[in-house]
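Heads up: the structure comes next, in structure tokens.
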Amino acid sequence: MAFEYAPAPESRAIVDIAPSYGLFIDGEFTEAADGKVFKTVSPSTEEVLAEVAQAGSEDVDRAVKAARKAFEKWSALPGSERAKYLFRIARIIQERSRELAVLETLDNGKPIKETRDADLPLVAAHFFYYAGWADKLGHAGFGPDPKPLGVAGQVIPWNFPLLMLAWKIAPALATGNTVVLKPAETTPLSALFFADICRQAGLPKGVVNILPGYGDTGAALVAHPDVNKVAFTGSTAVGKEIARTVAGTRKKLTLELGGKGANIVFDDAPIDQAVEGIVNGIFFNQGQVCCAGSRLLVQESIQDELLDSLKRRLSTLRLGDPLDKNTDIGAINSAEQLARITALAEQGEAEGAERWAPACELPSAGYWFAPTLFTNVTQAHTIARDEIFGPVLSVLTFRTPDEAVAKANNTQYGLSTGIWTEKGSRILAVANKLRAGVVWSNTFNKFDPTSPFGGYKESGFGREGGRHGLEAYLDV
């Protein structure tokens, strides 16, 4: 008989969300110059969590000035002193990880087991890792005495709000830069809690500034003449706009953009293990992952066996309250994103692909989309080309390794791929031909602060993480 799962809700009581939050500029919370505010809602219930100040161009100017002023003293500190602050931040994140996990789940909609077991440990690990580099920059391979750039303007997305903040802020501070960061408008809360962590760690004023707002806030930050470095994670369309804005200036730029990752399963792959990897690759964080394995390329001879196993596995996924520790699939981040996913899935059906989803009851409030897979997909289908950024998997087949490589590379993106086979020689031969920044072998979605991450083609340029992640913040 099948076991029933009793509800196992994580308590909301651990996190204390204030009714309103200001901008964090020069070590203080402050109202926006024009008094504008916006509301942030919980995607799983649509309840308003808090009202947040909305930064305008005047606030961007104030924050950049504060960061520029703080830069003189911060960059002059010995690396070992900067490291102490980063270690302190890392430890406070660990101490407050349960609170931050609940907050992230409330504001983003992803399941608590993901924020608790993946996001928060990685956030702390990034600060620990880059704290270790702070006094060793002369040994990083970028010259004997590399210098910081100055003020970094950083714009992050809503799918991993705190983790993307860590990817941006940790290397910037370790290398002696100061930061003005704009979180996404649908998920500003964890960045504002991080501002409080900076105060708790005694970080000097102005070293980190947080400006919640919409696209125009990000555009003002990117275009500000006194910003020396721009780092952006988000959509390819916005990335192209940013590249146009900074062209001809002396600003250093890194972009981490969209993806349409291929997960390639050969006929000798361990099927059960591959199925777990496929599920993790596309349904983790509801598929709202730029390196998601959204295209499944399966060798023709095992297609039926693999799809049967995959459908069985999808039927066991639990969708619902993200604060329940049993939940596998949480809420889509916003009404706007849900509309985009829905439209693309409908287009897939209209173009003749075959849609399948397990029997799945969707909650009445909030933004929900059942895990979905499409078969009979060709490379001409929109769902095989466009980034859907949702829990939708397109299944294509191949006969030979060369065909698998050709299909995997047939995309404007190049962020990630996965290979499933028991032959090490095949992994190496195929991986060498794939045009993607990350190639996972017999696993998917594994991250580590010591390992660089980034894309080719329209997935952006530059690397985050590892020793390579220091280069973007140094004058080399």
Side-chain angles (χ1 to χ4, degrees), residues 25-26 55-77 79 82 130 133-134 137-138 140-156 164-165 167-182 206-211 213 215-257 452 454-465 467-476:
I25 299 176
D26 207 15
S57 52
E58 206 176 310
D59 306 303
V60 170
D61 195 48
R62 257 197 309 161
V64 173
K65 281 194 170 87
R68 174 62 59 201
K69 192 172 139 211
F71 174 68
E72 285 174 40
K73 283 185 179 167
W74 179 250
S75 59
L77 283 179
R82 286 199 304 274
Y130 281 110
W133 267 117
L137 298 174
F142 306 119
D145 188 23
K147 294 280 183 267
L149 297 166
V151 176
Q154 305 176 324
V155 181
I156 59 171
M164 292 297 107
L165 174 148
W167 279 27
K168 300 277 184 286
I169 291 183
L173 298 193
T175 47
N177 300 276
T178 53
V179 165
V180 181
L181 178 124
K182 188 203 91 72
V207 173
V208 168
N209 305 272
I210 310 277
L211 299 181
D216 54 344
T217 310
L221 177 59
V222 167
H224 196 286
D226 204 23
V227 165
N228 306 95
K229 151 84 181 134
V230 173
F232 172 76
T233 297
S235 74
T236 295
V238 176
K240 287 178 176 177
E241 219 169 286
I242 289 171
R244 283 192 285 270
T245 302
V246 305
T249 69
R250 297 196 56 192
K251 290 175 187 170
K252 206 162 176 181
L253 176 65
T254 47
L255 298 172
E256 199 254 280
L257 309 173
Y456 286 96
K457 299 189 278 191
E458 291 198 8
S459 289
F461 51 81
R463 292 294 178 261
E464 292 182 299
R467 180 183 67 83
H468 307 69
L470 296 164
E471 185 179 3
Y473 292 97
L474 292 170
D475 184 358
V476 296

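Remember, it's a predicted structure, so these values are computed and weren't measured experimentally.
- The shortest side-chain heavy-atom distance between R68 and N228 falls under the 4.5 Å cut-off.
- The two residues L149 and A472 have their closest heavy-atom pair at CD1-O, 3.3 Å.
- Residues L255 and K240 form no side-chain contact, since every pair of their non-hydrogen atoms from C-beta on lies 4.5 Å or further apart.
- Remark: the backbone N or O of P148 is not paired with any side-chain donor or acceptor of N177 at under 3.5 angstrom.
- In this structure, OG1 in T175 is found 12.0 Å from CD in E471, a value given to the nearest 0.5 Å.
- A donor-acceptor pair shorter than 3.5 Å can be found between the side chains of T233 and K168.
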(request) Determine, stepwise, if the pair K65 / D26 fulfils side-chain contact (heavy atoms from CB on, under 4.5 Å). (result) CA-CA 9 Å; K65 281 194 170 87; D26 207 15; over 6 Å; no
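- Scanning both residues, L221 and V180, for their nearest heavy atoms gives CD2-O, 3.5 Å.
- Scanning both residues, L257 and S235, for their nearest heavy atoms gives CD2-O, 3.5 Å.
- Using a distance-only test at 3.5 Å, with no hydrogens or angles considered, no donor-acceptor pair links the side chain of R62 to the main chain of S57.
- Between the side chain of N209 and the backbone N or O of L181 there is no donor-acceptor pair closer than 3.5 Å.
- The shortest non-hydrogen separation linking G239 to F232 is N-CE2, 3.8 Å.
- One distance of note links CG of L137 with CZ of R467; it measures 12.0 Å at 0.5 Å rounding.
- To the nearest 0.5 Å, atoms CD (Q154) and CH2 (W167) are separated by 13.5 Å.
- Put simply, CG on L173 and OH on Y473 are 9.5 Å apart, with the number rounded to the nearest 0.5 Å.
- Under 3.5 Å, the side chains of T178 and K69 contain no donor-acceptor pair of N or O atoms.
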(message) As a quick check of understanding, evaluate side-chain contact (heavy atoms from CB on, under 4.5 Å) for D61 and H224, giving each step before the final call.
(response) CA-CA 8 Å; D61 195 48; H224 196 286; 2.7 Å; yes
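- Contact detail for L211 and K182: the closest heavy-atom pair is O-CG, 3.1 Å.
- The two residues F71 and G176 come nearest to each other via the heavy atoms CE1-O, 3.2 Å.
- A side-chain donor-acceptor contact under 3.5 Å links K251 to the backbone of V222.
- Rounding to the nearest 0.5 Å gives a distance of 13.5 Å between CD1 of I169 and OH of Y130.
- Of the inter-residue distances, the one linking F142 atom CZ with K147 atom NZ reads 15.5 Å to the nearest 0.5 angstrom.
- Inter-residue side-chain proximity for V60 and T217 is flagged as met; some heavy-atom pair is nearer than 4.5 Å.
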